[in-house]
Amino acid sequence: MPNHMITRAKSVPAPSQTRYLHEQITSWFADNARELPWRAPRCSPWGIMVSEFMLQQTPVVRVLPVWEQWMQRWPTPAALAAEPSGEALRAWGRLGYPRRALRLHSAAAAIVGRHGGQVPGTREELLQLPGVGTYTAAAIASFAFERPETVVDTNIRRVHARAVTGHALPAPSLTSAEMKLAAALMPRQETKAWNAAVMELGALVCTARSPKCGACPVRERCAWVAAGQPEPHYVPKGQAWAGTDRQVRGAMMAVLREAETPVLREVLLGTVDLVDHGTGHAVPLTKLRSLGASDEQLARSLDGLLADGLAETAGSGVRLPN
DNA sequence: CAGTCGTGGCA
DNA sequence: TTGCCAAGACT
């Protein structure tokens, strides 16, 4: 090949294809975007940051009510930072991965201490905050500050994998090739809308299971459809749950969130039954124990919660951090 | 880098 | 019914 010819990585689409994707997806987004409160023009950077923490591995529909209550109670980082982390854990409710609540609380304190109470606007500053990784930093910088960052989440990766690369699913972990592709696809203008649009397409149409290709704005030039929708290259690893420490920790946290006074260790370890006087339901720890959770696993799980700062000892009992 | 970390709805 | 999976971060 003559070296004066412009060469392009195989996985990067031609300019005409990129233009097509931009036009089709942004147009589709204008007509189909969900009206989410953190997308409202008046939403503060803090509100967007809170939504990003809550949306890490948790579906939108479950985040919505918790986000509303959270923002009403803590409309600024300073408001959250002024309260014990245990209050954040309680307000987090059953969103899952409660360490996110702890990190959000710590991030709020860092924002007060290092940024005068204002959410920082650059990727570099955001990355210094606890709980903020590559995705979240780019997302906040893009959605809250309209900086031209390349946002890459699981939805965007899947859309790119199918529409451009022709694969059913993206690789198990984010690769540099994917980052290069995402950067190459970024438009010069309207980067915030583009990031949100591709993410939305992945969430509503180009879904992991049973994608709605009939409703897809780029189906006419989708590499995966053109290839006959081949099966995934690999088998996604399942997320084990039954019998894991995570299940035990989750049950313990549920008890601690509901408790108004410190909970006896014996209760958390499942050796004595605790009955909720409000509902009459027995807490699940004795049940987990009868289902095979060993004394060792229960003890290890409780120690883990304490070590992670999700709980603390209080006298002869345990409670959320106060 | 592969493992760990919650929770609930849906196919 | 059971397994998959959802706007990841951290070690």
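Note on naming: letters A, B, ... go to the chains in the order of the sequence lines (proteins, then strands), and numbering restarts at 1 for each one. Everything numeric in this text was worked out from a predicted model, so none of it was measured.
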Checklist line | P spacing across the pair C:dC4 / B:dG3, given as an integer number of angstrom | finding: 16 Å
Note to self: Just the rounded figure in Å: distance from P of C:dG8 to OH of A:Tyr97.
What the structure shows: 10 Å
Item checked: Minimum-distance nucleotide to A:Tyr135 side chain [options: B:dG6, C:dA7, B:dT7] -> C:dA7
Notebook entry, point to check: Which part of the nucleic acid, if any, lies within contact of A:Thr134, taking any heavy atom under 4.0 Å across all strands shown: a base, the sugar-phosphate backbone alone, or nothing?
Noted result: sugar-phosphate
Notebook entry, point to check: Could you state the CZ-C1' distance from A:Phe53 to C:dG8, rounded to the nearest angstrom?
Noted result: 10 Å
Checklist line | Whole-Å gap separating C1' (B:dC10) and CD (A:Gln239) | finding: 15 Å
Note to self: In the structure I gave you, are the side-chain heavy atoms of A:Trp28 and A:Glu200 within less than 4.5 Å of one another anywhere?
What the structure shows: yes
Notebook entry, point to check: Does any N or O in the side chain of A:Arg162 come within less than 3.5 Å of the main-chain N or O of A:Ala168, such that one atom is a donor and the other an acceptor?
Noted result: yes
Check: Is A:Trp38 touching bases, backbone alone, or none of the nucleic acid, heavy atoms closer than 4.0 Å?
Finding: base
Notebook entry, point to check: Is A:Gln247 touching bases, backbone alone, or none of the nucleic acid, heavy atoms closer than 4.0 Å?
Noted result: nothing
Next item on the list: Between C:dA6, B:dC5, C:dG8, spot the one nearest the side chain of A:Thr136, thanks.
Entry: C:dG8
Check: Can you tell if the side chain of A:Val318 reaches within under 4.5 Å of the side chain of A:Met252, non-hydrogen atoms only?
Finding: no
Next item on the list: Report yes if some heavy atom in the side chain of A:Met186 is under 4.5 Å from a heavy atom in the side chain of A:Asn195; otherwise report no.
Entry: yes
Notebook entry, point to check: Across the strands shown, which category fits A:Pro172 at heavy-atom distances under 4.0 angstrom: base, sugar-phosphate, nothing?
Noted result: nothing
Notebook entry, point to check: Could you state the CG-P distance from A:Leu174 to B:dA2, rounded to the nearest angstrom?
Noted result: 14 Å
Margin query: Base, sugar-phosphate or nothing for A:Gly96? Non-hydrogen atoms, less than 4.0 Å.
Written below: base
Next item on the list: Have a look at A:Pro98 and say if it touches a base, only the backbone sugar-phosphate, or nothing, with a 4.0 Å heavy-atom cut-off.
Entry: sugar-phosphate
Checklist line | Side chain of A:Arg62 - closest among C:dG8, B:dG8, C:dA7 | finding: B:dG8
Margin query: Could you tell me if the side chain of A:Phe29 sits less than 4.5 Å from the side chain of A:Leu204, heavy atoms only?
Written below: no
Next item on the list: Kindly give the heavy-atom pair with the smallest separation between A:Arg90 and A:Leu320, and that separation in Å.
Entry: CZ-CD1, 3.9 Å
Next item on the list: State whether a side-chain donor-acceptor pair under 3.5 Å links A:Glu125 with A:Thr122.
Entry: yes
Item checked: Atom-to-atom span, CG of A:Leu64 to P of C:dA7 - whole angstrom -> 13 Å
Next item on the list: Identify whether any heavy atom of A:Leu305 sits under 4.0 Å from a base atom; if not, whether one sits that close to sugar-phosphate; answer base, sugar-phosphate or nothing.
Entry: nothing
Check: Is the phosphate of B:dT7, meaning OP1 or OP2, less than 4.0 Å from a side-chain N or O of A:Arg257?
Finding: yes
Check: Rounding to a whole Å, what distance do you find between A:Leu104:CG and C:dG8:P?
Finding: 16 Å
Next item on the list: Would you indicate, yes or no, if C:dA9 has its OP1 or OP2 atom less than 4.0 angstrom from a side-chain nitrogen or oxygen of A:Arg100?
Entry: no
Notebook entry, point to check: How far, in whole Å, is C:dA7 from B:dA2 if one measures between their P atoms?
Noted result: 23 Å
Margin query: Please determine whether a side-chain nitrogen or oxygen atom of A:Arg99 lies at a distance below 4.0 Å from atom OP1 or OP2 of C:dG8.
Written below: no
Note to self: For A:Trp67 and A:Trp38, take the angle between the two ring planes, folded into 0 to 90°, and tell me which bin it lands in: parallel under 30, tilted 30 to 60, perpendicular over 60.
What the structure shows: perpendicular
Check: Of A:Val60 and A:Leu127, whose closest DNA chain C nucleotide lies nearer the 5' terminus?
Finding: A:Val60
Note to self: Over all strands shown, is A:Ile156 touching base, sugar-phosphate only, or nothing at heavy-atom distances under 4.0 angstrom?
What the structure shows: nothing
Check: To the nearest angstrom, how far is A:Arg246 atom CZ from C:dG8 atom C1'?
Finding: 12 Å
Margin query: Can you pull out the residues from residues 175-213 of chain A that lie within a 4.0 Å heavy-atom distance of DNA chain C?
Written below: A:Met199, A:Ala203, A:Ala208, A:Arg209
Check: Base, sugar-phosphate, or nothing: which does A:Arg157 touch, judged by heavy atoms less than 4.0 Å apart?
Finding: nothing
Check: Should A:Leu126 and A:Leu129 count as side-chain neighbours, where that means a heavy-atom distance under 4.5 Å?
Finding: yes
Margin query: Both A:Ser173 and A:Thr244 contact DNA chain B. Taking the nearest nucleotide for each, which residue is further toward the 5' end?
Written below: A:Ser173
Next item on the list: Map A:Val132 and A:Thr58 onto DNA chain C by nearest heavy atom, then report which one ends up closer to the 5' terminus.
Entry: A:Thr58
Note to self: Looking at C:dG8, I'd like to know if its phosphate oxygens (OP1 or OP2) sit under 4.0 Å from a side-chain N or O belonging to A:Gln57.
What the structure shows: yes
Next item on the list: Give the rounded distance in Å between these two atoms: CG of A:Leu102 and P of B:dG6.
Entry: 11 Å
Next item on the list: Could you work out the separation of B:dG8 and C:dA9 based on their P atoms and round it to a whole Å?
Entry: 23 Å
